Protein chains: 2
Amino acid sequence: MDLMTTYAPAEASERTGLSLDTLRYYERLGLFGPVRRTTTGRRVYSDHDMAWVGLLVCLRNAGLGISDLQRLMGRLRDRSGGPTGVVELLEEHRSRLHGEIAKMNLALGVLDDKIAHYRGEAGQSKK
Amino acid sequence: MDLMTTYAPAEASERTGLSLDTLRYYERLGLFGPVRRTTTGRRVYSDHDMAWVGLLVCLRNAGLGISDLQRLMGRLRDRSGGPTGVVELLEEHRSRLHGEIAKMNLALGVLDDKIAHYRGEAGQSKK
DNA sequence: CTGTGTCCTGGAGTGCGCTCCAGGTCAACT
DNA sequence: AGTTGACCTGGAGCGCACTCCAGGACACAG
């Protein structure tokens, strides 16, 4: 059927930027997979796996915790049961993310203030 | 001059939003203080302490780790030795922060895509 | 004086997200 | 056949940033 590309663990690791351990870790937690195996038990990652992991990495970068991912992935997995709230979950995090960004920008402002402050003021403070 | 307000631990905690434990923890790590004590050993936080802690909270929010704070605070502390690189340190983190924000925005984009994707594909057109 | 509350200390425990390890199987090259 | 080396498993260990706890000492209202 599909003659799709497959990846040995090492290559999967390289392509995703995750360590072998982390890849296995994510799989163990059910964040993706199960990954196909050779008869002798070695993992064979598919394009599909890779895409999934790519999403995982992205969401982790976006600040979602492992448990968030577990919930999310669980829902994406069995989308057979009607309204599973995937969109809601994503949107919820989306607004969280906005909040984070706002907070960071705020901190950035404070940082700028501090920089200006410490650069402007020579060598003595103390009130 | 010494008409400055002081704060009992409980109040300091309330005002900074940090737990008593965390306040003590930060102090132990040398992130601020040393905090004055009563003759019997109880902490008495000053306005100065509070301001310092405020900065700490802000920088933590901005994503600096404890060790960053230790370095930073150490440098702010003894600004007697000329160029201590405080500004550099802050600016360095400032750009890190920019990077983080960029990353988040990117993730946000992916999230939006996913939302659009799963909304479009799942229960058919909605919106 | 006594009870209740706040605080003290040092150290152990927690949750997260990996990361490392021992001890083994299997693949590939020479 | 021998020798690497990639990979397997389950479980231990780690670094971070707290958080909790036991056991003890003031604080102060009644």
Side-chain angles (χ1 to χ4, degrees), chain A residues 6-46 49-50 52-53 55-73 93 96 100 103 107, chain B residues 6-46 49-50 52-74 93 96 100 103 107:
Chain A
T6 58
Y7 309 87
E11 201 183 348
S13 164
E14 213 172 301
R15 280 177 171 257
T16 58
L18 297 178
S19 71
L20 291 172
D21 273 327
T22 303
L23 239 22
R24 289 193 282 252
Y25 174 64
Y26 282 5
E27 185 186 352
R28 209 160 63 219
L29 297 185
L31 297 189
F32 76 104
V35 176
R36 281 215 321 277
R37 303 296 187 104
T38 66
T39 51
T40 56
R42 302 194 157 196
R43 287 178 181 78
V44 179
Y45 296 89
S46 68
D49 290 327
M50 301 302 280
W52 201 290
V53 172
L55 177 57
L56 287 173
V57 169
C58 203
L59 295 177
R60 287 283 301 119
N61 281 342
L64 280 89
I66 296 293
S67 56
D68 294 317
L69 294 182
Q70 283 178 317
R71 258 177 303 144
L72 185 64
M73 291 300 135
H93 188 72
R96 271 220 301 278
E100 287 296 306
K103 236 171 62 181
Chain B
T6 58
Y7 308 87
E11 201 183 349
S13 165
E14 213 172 302
R15 280 177 169 257
T16 59
L18 298 178
S19 71
L20 291 171
D21 273 328
T22 302
L23 239 22
R24 287 193 284 253
Y25 174 64
Y26 281 5
E27 185 186 352
R28 209 158 64 217
L29 296 185
L31 298 189
F32 76 104
V35 176
R36 281 215 322 274
R37 304 294 189 104
T38 65
T39 51
T40 56
R42 302 194 157 198
R43 286 178 182 78
V44 179
Y45 296 90
S46 68
D49 290 327
M50 300 303 279
W52 201 290
V53 172
L55 177 57
L56 287 174
V57 169
C58 202
L59 294 177
R60 287 284 300 120
N61 281 342
L64 281 89
I66 295 293
S67 57
D68 294 317
L69 294 181
Q70 283 179 316
R71 259 178 302 143
L72 185 64
M73 292 299 136
H93 188 72
R96 271 219 302 277
E100 288 296 307
K103 239 171 58 181

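Each chain gets a letter, A, B and so on, in the order its sequence line appears, and its residues count up from 1. Predicted model only: the values in this text are computed from it and were never measured.
- The residue among Thr38(A) and Arg28(A) whose nearest nucleotide of DNA chain C is located toward the 5' end is Arg28(A).
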Quiz item: What is the per-nucleotide protein-contact pattern of nucleotides 2-7 of chain C, from the 5' end, where B denotes a base atom under 4.0 Å from a protein heavy atom, S denotes such proximity for sugar-phosphate atoms only, and - denotes neither?
Solution: ---BBS
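- Within the structure, every side-chain polar atom (N or O) of Ser67(B) is placed at least 4.0 Å from both OP1 and OP2 of dC16(D).
- Here the shortest heavy-atom pairing between Leu18(A) and Ser13(A) reads O-OG, 2.7 Å.
- Out of dT19(D), dC20(C), dG17(C), the shortest distance to the side chain of Asp21(A) is found at dC20(C).
- If you measure from atom CD1 of Ile66(A) to atom P of dT19(C), you get 11 Å, rounded to the nearest angstrom.
- Phosphate proximity of dC18(D) to Tyr26(B): present, with a side-chain N or O under 4.0 Å from OP1 or OP2.
- Of the inter-residue distances, the one linking Leu31(A) atom CG with Ile66(A) atom CD1 reads 5.5 Å to the nearest 0.5 angstrom.
- Rounded to whole Å, atom C1' of dC18(C) lies 15 Å from atom CG of Asn61(A).
- The side-chain contact (heavy atoms from CB on, under 4.5 Å) test with Thr6(B) singles out one residue from Glu11(B), Arg36(B), Arg43(B), and that residue is Arg36(B).
- Note that the CD atom of Gln70(B) and the OH atom of Tyr26(B) stand 11.0 Å from one another [nearest 0.5 Å].
- Following rounding to the nearest Å, Leu29(A) (CG) and dT19(C) (C1') show an atom-to-atom distance of 14 Å.
- Distance Arg37(A) CZ to dT25(C) P: 17 Å, rounded to the nearest Å.
- Each end of the helix from dC1(C)-dG30(D) to dT30(C)-dA1(D) gets its own rotation axis from five pairs of C1' atoms, and the angle between them is 0° to the nearest 10 degrees.
- If you measure from atom CG of Asp68(B) to atom P of dG15(D), you get 17 Å, rounded to the nearest angstrom.
- A distance of 10.0 Å separates CG in Leu64(A) from SG in Cys58(A), rounded to the nearest 0.5 Å.
- With Thr22(B) contributing its side chain and Tyr25(B) its backbone, the two residues share no donor-acceptor pair below 3.5 Å.
- Note on Thr22(A): a side-chain N or O is less than 4.0 Å away from OP1 or OP2 of dT19(C).
- The phosphate of dC7(D) (OP1 or OP2) has no side-chain N or O of Thr40(A) nearer than 4.0 angstrom.
- Rounding to the nearest 0.5 Å gives a distance of 11.5 Å between CD of Glu27(B) and CG of Leu56(B).
- Rounded to the nearest 0.5 angstrom, Arg15(A) CZ and Asp49(A) CG are separated by 13.0 Å.
- Rounded to whole angstrom, the span from the OH atom of Tyr25(A) across to the P atom of dG13(D) amounts to 17 Å.
- Put simply, CG on Leu18(A) is 11 Å from C1' on dC18(C), counting in whole angstrom units.
- Rounded to the nearest 0.5 angstrom, Trp52(A) CH2 and Met73(A) CE are separated by 6.0 Å.
- Atom pair Leu23(A):CG and dC7(D):C1' shows a separation of 13 Å (rounding to whole Å applied).
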